[in-house]
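In what follows, every heavy atom counts, from backbone to side chain, and hydrogens, waters and symmetry copies are set aside. Nothing here was measured: the structure is a model prediction, and the numbers come from that model.
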Amino acid sequence: MTVVNPPQTVARGVRKVDIAGSQWPLYKLEALALGVVAGLVLALVTGSPQVAVLTAATVAAARWIAAVVVRSNRPAR
């Protein structure tokens, strides 16, 4: 009888937060919070909601993408 033993892989877990019964990756919540803070600060400083929203969206997207890229480039343990 032949037995196949697949190699053991260690799943690199992402820290998650439970919100209303749904698991959210922490980097997504960080990106959301950073975008909201950046939007509010820019709205107060510039007085222009258009600039605040566009810049906040850019900041949030950059944080999100940076987390994904860093996570994908980490070596396996």
Side-chain angles (χ1 to χ4, degrees):
M1 178 184 208
T2 303
V3 177
V4 176
N5 293 323
Q8 295 292 329
T9 58
V10 177
R12 295 178 294 182
V14 174
R15 292 178 289 171
K16 295 186 178 185
V17 177
D18 183 38
I19 297 178
S22 180
Q23 295 289 324
W24 278 65
L26 188 58
Y27 71 88
K28 288 183 181 181
L29 294 174
E30 289 172 348
L32 182 62
L34 190 62
V36 168
V37 169
L40 290 175
V41 168
L42 284 169
L44 290 173
V45 171
T46 64
S48 172
Q50 293 90 350
V51 171
V53 167
L54 289 174
T55 306
T58 303
V59 167
R63 169 63 182 109
W64 190 315
I65 291 168
V68 172
V69 168
V70 167
R71 183 170 180 261
S72 67
N73 288 336
R74 265 193 287 174
R77 294 180 188 181

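Contact record, Ala60 with Gly35: CB-CA, 4.0 Å, taken as the closest heavy-atom pair. For the pair Ala52 and Ala43, the tightest heavy-atom approach, listed with the atom from each and the gap, is CB-N, 3.6 Å.
Pairs of residues two or more places apart, or lying in two chains, that qualify as salt bridge (Lys or Arg N to Asp or Glu O under 4.0 Å) and include a residue from residues 26-54 are Glu30-Arg63.
Residues passing the side chain to side chain donor-acceptor pair (under 3.5 Å) test with Gln50 are Ser48, sequence neighbours excluded. In terms of the side chain to side chain contact (heavy atoms under 4.5 Å, CB included) criterion, residue partners of Val41 (sequence neighbours excluded) are, by chain and number, Val37, Val45.
Atoms CH2 and CG, from Trp64 and Leu34 in turn, are 13.0 Å apart once rounded to the nearest 0.5 Å.
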>> Before you tell me yes or no, could you show the steps for Val70 and Tyr27 under side chain to side chain contact (heavy atoms under 4.5 Å, CB included), namely the whole-Å CA-CA distance, both residues' side-chain angles and the distance that decides it to 0.1 Å?
In response: CA-CA 11 Å; Val70 167; Tyr27 71 88; over 6 Å; no
>> Please determine whether side chain to side chain contact (heavy atoms under 4.5 Å, CB included) holds for the pair Asp18 and Gln23, giving the CA-CA distance in whole Å, both sets of side-chain angles, and the decisive distance to 0.1 Å.
In response: CA-CA 5 Å; Asp18 183 38; Gln23 295 289 324; 3.8 Å; yes
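Residues Ile19 and Val17 have side chains in contact (heavy-atom distance under 4.5 Å, counting atoms from C-beta outward).
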